[in-house]
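What follows is one structure encoded as structure tokens, with my remarks underneath.
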Amino acid sequence: MKLIVTAIALILFLVGSLSSFYSVPMESEAVVLRFGKFHSIAPPGLHYKLPYGIDETIMVPVRRQLKLEFGFTTPNATNPYQSSQEPKLERDMVTGDLNAVQVEWIVQYTIADPRKYLFNLRDPAATLRDLTESVMTEIIGDRTVDEVLTFGRTEIEVEALTRLQQQLNLLDIGIRADQIQLKNVHPPGPVQSSFDEVNRAQQEREQMINEANGQYNRVIPKARGLADQRISAAEGYAVQRVNEAEGDVARFKELLTQYEKAPAITRQRLYLETMNEVLPKMGGKIILDEDAKQFLPLMNLNSSSVPASNKN
């Protein structure tokens, strides 16, 4: 009998010794429960606990970034909540302008407080999935299809992350949302070709606008330069004509002053100056004395001096 008691005691001692130590991985923290209630949080490393089920430990990966997938599934995922059983239903959404789109996205999150994560809510991971889907559906419903498919993706990601974190803070479940990233966003299969045509038309429109702007930038500066050149030439010509007119006026005034002083001499001088300009332009000239009686002999002299080819 004594031997049996000793054996039982030895077995209990061995079981207690083996169950009194536990190791916490580097990426986790251990939540220690004593008689089923929260007792403490143990950091990574080797630790002692009370045996025989008095203390229990739950490992929580607080230093690992976890991920949830919506609208698609990655095979062999270690997180049971990473993907949904019906991803096709998650990705079908309606935009604010009543167009159908298929949205695939991921949420990366971290367990910030293991105690709150385990005890403040019954199923925090499932709650996180529901909150994320609700927030994304609401945001997509506030956007146009063009925003969702093209230029509004970054804004959607930022706003969705902000709203999700607000909801998590309100529930206080110890989860921190790190990032929301849109993956594949496209229209449903039956209308994919129509959307592609619209996108091509928009691209062609942008290309034509760019070509028109390029042509505008080439032609307009050249036309403006030519216009400025002609305006400058006209202004120069106007200045020249004004200066010439002012010079003529000044000369006329000076001549008038001289004429008033000596009219006869001024008239004679003007006559001689005019003849000096006119006579060289007249070619051959015959000057007669006012007392000459006969003109014909002089004509014969002039004809004899003309070459034979020009007599006719």
Side-chain angles (χ1 to χ4, degrees), residues 22-33 38 41-44 56-95 100-141 143 148-149 152-189:
Y22 65 97
S23 177
V24 181
M26 290 300 299
E27 63 178 15
S28 302
E29 289 182 352
V31 176
V32 181
L33 305 179
F38 175 80
I41 295 178
E56 298 180 4
T57 58
I58 302 176
M59 302 297 170
V60 181
V62 295
R63 294 178 179 83
R64 185 175 66 182
Q65 193 173 62
L66 304 174
K67 180 175 67 173
L68 299 181
E69 299 173 342
F70 297 83
F72 69 102
T73 301
T74 300
N76 302 322
T78 57
N79 183 4
Y81 295 97
Q82 180 167 319
S83 58
S84 171
Q85 299 296 326
E86 297 179 341
K88 293 183 179 180
L89 296 179
E90 290 178 336
R91 68 186 180 193
D92 291 334
M93 297 185 183
V94 178
T95 62
V101 290
Q102 294 181 340
V103 183
E104 299 176 359
W105 76 99
I106 63 173
V107 175
Q108 294 179 335
Y109 68 97
T110 305
I111 300 175
D113 190 325
R115 180 179 181 180
K116 293 179 180 180
Y117 179 78
L118 292 178
F119 302 112
N120 283 13
L121 207 65
R122 183 185 298 274
D123 198 343
T127 301
L128 177 61
R129 284 200 67 90
D130 295 338
L131 287 176
T132 305
E133 185 176 358
S134 175
V135 167
M136 185 60 70
T137 302
E138 181 181 0
I139 293 177
I140 295 298
R143 299 292 190 278
V148 177
L149 293 176
R153 293 168 61 101
T154 301
E155 182 180 352
I156 291 173
E157 293 173 348
V158 173
E159 185 174 355
L161 180 63
T162 302
R163 292 192 187 183
L164 177 60
Q165 189 59 56
Q166 291 174 350
Q167 296 294 326
L168 293 174
N169 293 339
L170 184 63
L171 295 176
D172 194 25
I173 58 177
I175 294 178
R176 181 181 65 250
D178 298 324
Q179 184 181 21
I180 291 181
Q181 182 180 3
L182 294 178
K183 304 297 285 185
N184 296 322
V185 181
H186 49 78

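Remember, predicted model here, so these are calculated numbers, not experimental data. This chain uses plain numbering: 1 for the first residue, then up along the sequence.
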- Tightest non-hydrogen contact, residues I106 and K67, listed as CD1-CD, 4.2 Å
- Can you name the nearest heavy-atom pair linking V31 to P114, along with the distance? CG2-CB, 3.8 Å
- Task: Evaluate the side-chain proximity of D92 to Q102: yes if any heavy-atom separation is below 4.5 Å, no if none is.
- Result: yes
- Heavy-atom side-chain proximity of M93 to M136 below 4.5 angstrom: yes
- Item | Non-hydrogen atoms of D113 and R115 that approach each other most closely | OD1-N, 3.1 Å
- For the student: nearest non-hydrogen atoms of Y22 and V32, plus distance: OH-CG2, 3.5 Å
- Query: Can Y81 and L66 be said to form a side chain to side chain contact (heavy atoms under 4.5 Å, CB included), step by step?
  - Reply: CA-CA 10 Å; Y81 295 97; L66 304 174; over 6 Å; no
- side chain to side chain contact (heavy atoms under 4.5 Å, CB included) between T132 and Y109, worked out: CA-CA 11 Å; T132 305; Y109 68 97; over 6 Å; no
- Does CZ in R63 sit with more than 12 non-hydrogen atoms of other residues, nucleotides or ligands closer than 6.0 Å? yes
- Where is the tightest heavy-atom contact between A30 and V24, given as atom of each residue plus distance? CB-CG2, 3.6 Å
- Note on the structure: One should read off an interatomic distance between E138 CD and R163 CZ, to the nearest 0.5 angstrom, of 4.5 Å
- Apply side chain to side chain contact (heavy atoms under 4.5 Å, CB included) to T162 and Q166, showing your working. CA-CA 6 Å; T162 302; Q166 291 174 350; 3.8 Å; yes
- Message: I need the minimum non-hydrogen distance between V101 and V103, along with the two atoms involved.
- Response: CG2-CG2, 3.9 Å
- Is a side-chain donor or acceptor of Q167 paired with a backbone partner of L131 at a separation under 3.5 angstrom? no
- Euclidean distance, K116 NZ relative to L121 CG, rounded to 0.5 Å: 13.0 Å
- Query: Of the options V185, I180, I140, which is the one that meets I156 in a side chain to side chain contact (heavy atoms under 4.5 Å, CB included)?
  - Reply: I140
- Message: Distance check, rounded to the nearest 0.5 Å: H186 atom NE2 versus R91 atom CZ?
- Response: 6.0 Å
- Task: Identify whether NZ of Lys or CZ of Arg in R129 sits under 6.0 Å from the centre of the six-membered ring of F70 and within 45° of that ring's axis.
- Result: yes
- Task: Rounded to the nearest 0.5 Å, what's the gap from CG on D178 to OG1 on T110? Could you check?
- Result: 3.5 Å
- Nearest 0.5 Å please: distance from the CD atom of E155 over to the CZ atom of R143. 4.5 Å
- Message: For a side chain to side chain contact (heavy atoms under 4.5 Å, CB included) check, start with the C-alpha distance between L128 and L164, then their side-chain angles and the critical distance, and finish with the verdict.
- Response: CA-CA 9 Å; L128 177 61; L164 177 60; 4.2 Å; yes
- Interatomic spacing from CZ in R153 to CH2 in W105 - rounded to 0.5 Å: 13.0 Å
